[in-house]
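Mind looking over this structure? Questions follow.
Everything quoted here is computed from the prediction, not taken from an experiment. Proteins come first, then strands; the chains are lettered A, B, ... in the order of their sequence lines, and each starts at number 1.
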Amino acid sequence: MPKNKLLLVDGNSVAFRAFFALHNSLERFKNANGLHTNAIYAFHTMFENVMAKEQPTHVLVAFDAGKTTFRTAMYEDYKGGRSKTPGEFKEQMPYIRELINALGVQYYELDNYEADDIIGTLANKVDKELFDVVVLSGDRDLTQLATEHVKVDITVKGVSEIESYTPAHVAEKYDGLTPLQIIDMKGLAGDASDNIPGVTKIGEKTAIKLLKEYGSVEGIYEHIDEMKKSKMKENLINDREIAFLSKQLATIDVDAPIEVDVDKLKYEGKDLEKLVPFYQEMNFNSFLDKLQITAEPVEMEDILFSVVEEVTEDMFQGDTALYVEMMGDNYHLEDIVGVAWGNQEKIYVSNREELFESPAFTDWLKDEKRKKFVYDAKRTYVALNRYTTAPKGIAFDVLLAAYLLDTNDTNNDIAGVAAHYGYDAIQSDEAIYGKGAKKGLPADEEDFFAHLARKVAAITNLTPKLTEELAAKNQTALFEEMELPLSMILAEMEITGIKVDASRLHQMKGEFAQRLHEIEEKIYAEAGENFNLNSPKQLGVILFEKMGLPVIKKTKTGYSTAVDVLEQLKEQAPIVEDILTYRQIAKIQSTYVEGLLKVIQGDGKVHTRYVQTLTQTGRLSSVDPNLQNIPIRLEEGRKIREAFVPRETDWVIYSSDYSQIELRVLAHISDDTHLKEAFIEGQDIHSSTAMRVFGIEKAEDVTPNMRRQAKAVNFGIVYGISDYGLSQNLGITRKAAQQYIDTYFEKYPGVKTYMEDVVREAKDKGYVETLYHRRRYLPDINSRNFNIRTFAERTAINTPIQGSAADILKIAMIDLAKRLKEEKLAATMLLQVHDELVFEVPESELPRLDALVKEVMEQAVALHVPLLTDSNWGKTWYDAK
DNA sequence: GATGTCACG
DNA sequence: ACGTACGTGACATCT
């Protein structure tokens with residue numbers, strides 16, 4: 001029979017260590033009620049680490065009972081002189097007990113005794129034949145307990161570093177001492193942290209020397225007469241009583257009157273019923289997520305549902321939750337493996353293709369009046385559109401709502417979102433389907449159906465909850481009038497896709513391959529050897545070791561070879577220029593030419609996916625392929641745009657973008673007189689800034705260089721400026737950059753006030769908002785760590801600007817989709833690139849589209865300054881410039 | 001899976 | 001004194 005293992009944890013000292021392990025993140029660890037949670041969090045991590053490492057069969061956490069113990073009775077100054085325990089720590093102790101309880105572990109305390117004594121007694125008492133013992137503490141005093149069957153783990157640093165004390169390790173560390181002699185050592189040398197006095201002038205070193213000769217405190221005093229006359233001997237004689245008292249104080253009582261039945265300490269696993277709500281209360285979302293994944297197959301209550309044989313109309317009564325399952329991310333291509341729908345009364349599940357043909361089902365999908373609640377409307381829409389018909393009447397999207405409520409908390413599956421809102425009758429997809437190569441449908445079809453049914457139940461449960469939360473945060477309109485309608489428009493844009501001229505790309509591929517080959521050969525010749533040009537590591541060795549170029553910047557792992565570094569080196573070695581060219585072409589070749597070719601579908605188009613629930617600011621992102629970062633700045637790359645063409649030959653690509661939308665938004669929110677004036681009068685904004693910052697009277701006296709610098713300042717303002725950032729960007733000194741900033745704020749006091757106000761508000765409320773109540777929480781805004789805090793401050797400044805600009809474009813898109821339909825234009829909206837919309841349009845419709853787009857975009861919202869757009873068109877996206 | 005680099009707004 | 005511009009995604013390399 002394998003031996004049992006008993007883990008004994010010194011609750012107070014581990015908690016105390018935990019508190020200080022994450023002390024510099026104190027302000028980041030706060031739950032919704034303002035409770036600090038750093039010690040709870042770190043305690044949890046430390047405890048789980050040891051549990052995983054030791055795999056004990058039995059566990060107990062011991063706590064100190066109170067202020068007075070038998071030791072204070074002996075020596076009233078015991079543990080005296082300690083600085084007061086911080087309030088931020090004390091408030092967490094009750095929750096640590098609650099956590100231990102939820103982790104399925106018992107704790108124990110005993111009047112008059114410290115945790116040490118409980119641990120010592122239990123370690124001493126258990127049957128050594130049946131049990132090994134592991135002690136976890138933050139206090140080295142406990143090392144005296146180490147024996148052949150008791151190992152003492154002491155937390156050393158951070159949350160994960162532990163030092164294990166066995167008798168052998170003690171001997172090694174203390175020059176041959178046994179664990180029990182540690183007590184004698186404390187008797188002689190004392191212990192400042194517990195305020196144990198010890199003998200005058202004797203420290204650890206001397207104590208060890210004495211103990212090696214005489215064995216123990218008692219041994220020393222038995223032979224004290226034999227010692228030669230010395231100051232030390234005198235001290236020993238004078239402090240005899242103190243020595244014995246100190247030893248007694250340092251001795252852990254291994255025979256305390258405790259009433260713990262070791263058999264009752266058997267570890268039976270976590271108590272999920274307590275742990276899930278505890279994590280929720282503490283906002284420990286990462287632990288919550290992990291729980292979904294690693295939790296033993298939770299015994300879920302059975303869920304009632306019907307597997308549909310034949311679809312009938314009565315299956316679609318009233319408001320209904322709908323879920324469409326696919327095994328992969330790309331809903332443009334993935335097979336639908338199952339569909340479930342229902343409400344409180346009844347849930348239906350089906351994996352039969354006939355479903356999509358059945359009129360009862362398709363009529364319901366097409367009926368706008370019969371409301372559908374879903375998780376991820378766009379995904380649902382695109383998939384169903386492909387199999388049968390586009391669903392109408394989608395009235396709620398749990399994923400989208402969760403994202404709006406807290407942008408930090410999504411990208412989870414339903415189970416993650418559900419757990420966050422206190423609903424746990426569902427497991428994660430990973431738990432049911434597995435992950436990586438092993439991902440697939442469960443062996444038992446019944447498990448799969450039950451999982452789908454639970455998703456429908458979760459959506460049903462969460463819809464009213466999240467609706468209420470949105471209202472509480474004043475986000476109902478944002479959700480109902482902006483994000484949800486937009487998701488349908490995005491779905492249509494994705495489905496439409498944009499045509500890509502593969503032959504053009506193939507042609508470019510050949511040309512670039514040729515050029516790359518030539519540059520490569522040249523570089524190898526210059527370097528005198530062949531190496532992997534794509535490896536920054538190998539390139540670093542060539543440039544900075546072999547060729548001896550000066551190291552300008554380092555990364556975590558070695559030399560930096562980024563553009564700004566190479567730019568500074570190109571004077572010194574011709575190879576550098578070639579490397580820059582190589583990098584530029586290689587990027588275009590791999591990411592754009594080859595990358596795009598890989599994702600062209602059978603219809604000759606690419607169908608991106610806009611991720612609507614990801615960014616912290618409200619922007620969209622685009623994946624698979626990313627069509628929001630197609631090259632434009634450099635001519636070489638810009639050519640890629642020649643491959644983006646309209647779907648019909650007599651059509652053109654039309655593009656319209658907002659001019660300076662972020663600075664206009666800033667002018668609006670800050671209400672700064674001069675900034676507003678510049679836009680109202682239609683001035684060139686960067687020149688206007690240059691005039692004010694450099695004190696120029698006439699516009700024609702602004703040099704291109706001044707304008708360039710002013711442009712950088714304007715960018716900096718939007719990003720939450722810092723002297724360092726601006727100096728890097730402009731290649732000027734920090735002092736000069738600071739001078740620019742100071743002058744800017746002097747000339748634009750409204751902007752300065754806005755920045756101060758928004759940061760103060762963020763510190764106050766913990767979040768910032770856009771014009772349309774999109775919210776971003778900034779938990780770091782009050783951090784004591786300079787870097788973390790200032791980063792949050794810059795974010796507080798930038799987010800309302802970037803986010804409101806995103807709001808405006810979203811509104812324009814919704815208005816435009818509506819108008820295009822009303823005006824019965826054939827023109828189609830294809831892409832959104834943050835401040836730009838791209839369409840394809842029959843040439844004959846161009847004038848009408850141009851007028852409409854301009855009108856709608858410029859009138860999308862009314863700001864204190866005008867909104868302006870620039871538009872262009874041509875045979876390809878490249879030509880729409 | 002993390003890291004460095006580089007494409008976009 | 002601290003060491004940064006804001007927001008993204010894809011690719012190649014290396015652990």
Original post:
So what does A:N729 touch, heavy atoms closer than 4.0 Å: a base, only the sugar-phosphate, or nothing?
Top reply: base
**OP:** Using Watson-Crick or G-U wobble pairs with both distances under 3.5 Å, give me DNA chain C in dot-bracket, 5' to 3', with [ ] for crossers and | for pairs to another strand.
**Re:** .....|||||||||.
**OP:** Quick one: label A:E594 by what it contacts on the DNA or RNA (base, sugar-phosphate, nothing), any heavy atom closer than 4.0 Å.
**Re:** nothing
Original post:
Contact class for A:S621 vs. all strands (heavy atom < 4.0 Å): base, sugar-phosphate, or nothing?
Top reply: sugar-phosphate
Original post:
Can you list the residues that meet the side-chain contact (heavy atoms from CB on, under 4.5 Å) rule with A:F786, with sequence neighbours excluded?
Top reply: A:R789, A:T790
Original post:
What nucleic acid atoms does A:G716 come within less than 4.0 Å of, heavy atoms only: base, sugar-phosphate, or nothing?
Top reply: base
Original post:
Heavy atoms under 4.0 Å, any strand shown: does A:A712 hit a base, just sugar-phosphate, or nothing?
Top reply: base
**OP:** Would you kindly compare A:N787 and A:F791 by the position of their nearest DNA chain C nucleotide and give the one closer to the 5′ end?
**Re:** A:N787
**OP:** For A:A690, enumerate each residue passing the side-chain contact (heavy atoms from CB on, under 4.5 Å) test, keeping only those at least two apart in sequence or located in another chain.
**Re:** A:F694, A:V702, A:M706, A:A710
Subject >> Terminal contacting nucleotides, 5' and 3', DNA chain C versus chain A (heavy atom, 4.0 Å) >> reply: C:dC2 to C:dT15
**OP:** Have a look at A:D657 and say if it touches a base, only the backbone sugar-phosphate, or nothing, with a 4.0 Å heavy-atom cut-off.
**Re:** nothing
Original post:
When all nucleic acid strands are considered with a 4.0 Å heavy-atom cut-off, which category describes A:S622: base, sugar-phosphate, or nothing?
Top reply: sugar-phosphate
**OP:** For the pair A:E594 and A:L597, evaluate side chain to side chain contact (heavy atoms under 4.5 Å, CB included) and give the outcome as yes or no after the intermediate values.
**Re:** CA-CA 5 Å; A:E594 291 168 351; A:L597 281 169; 5.5 Å; no
**OP:** Can you tell me which residue pairs pass the salt bridge (Lys or Arg N to Asp or Glu O under 4.0 Å) test with a partner in residues 511-520 of chain A, sequence neighbours excluded?
**Re:** A:R515-A:E636
**OP:** Sticking with atom P, work out how far B:dT3 lies from C:dT4, rounded to a whole angstrom.
**Re:** 15 Å
Original post:
For A:Y559, which residues count as a side chain to side chain donor-acceptor pair (under 3.5 Å) partner, sequence neighbours excluded?
Top reply: A:E545
Subject >> ring-ring contact (aromatic ring centres under 6.0 Å, His included) contacts touching residues 606-634 of chain A (sequence neighbours left out) >> reply: A:H332-A:H607
Subject >> Set of residues satisfying side-chain contact (heavy atoms from CB on, under 4.5 Å) with respect to A:R379, sequence neighbours excluded >> reply: A:M326, A:Y331, A:D376
**OP:** Decide yes or no on salt bridge (Lys or Arg N to Asp or Glu O under 4.0 Å) for A:D757 and A:R760, but give the supporting numbers first.
**Re:** CA-CA 5 Å; A:D757 289 351; A:R760 187 168 335 107; 3.6 Å; yes
Subject >> Inter-nucleotide P distance (B:dC6, C:dA5), Å rounded >> reply: 15 Å
Subject >> Non-neighbouring partners of A:D578 that pass salt bridge (charged side-chain N to carboxylate O under 4.0 Å, His left out), sequence neighbours left out >> reply: A:K522
Subject >> nucleotides 2-9 of chain B: protein proximity per nucleotide (B base, S sugar-phosphate only, - neither; heavy atom, under 4.0 Å) >> reply: -SSSBBBB
Original post:
Sequence neighbours excluded, which residues qualify as side chain to side chain donor-acceptor pair (under 3.5 Å) partners of A:T561?
Top reply: A:R583
**OP:** With sequence neighbours left out, write down each residue that passes salt bridge (charged side-chain N to carboxylate O under 4.0 Å, His left out) with A:D742, or none if nothing qualifies.
**Re:** none
**OP:** Identify whether any heavy atom of A:R638 sits under 4.0 Å from a base atom; if not, whether one sits that close to sugar-phosphate; answer base, sugar-phosphate or nothing.
**Re:** nothing
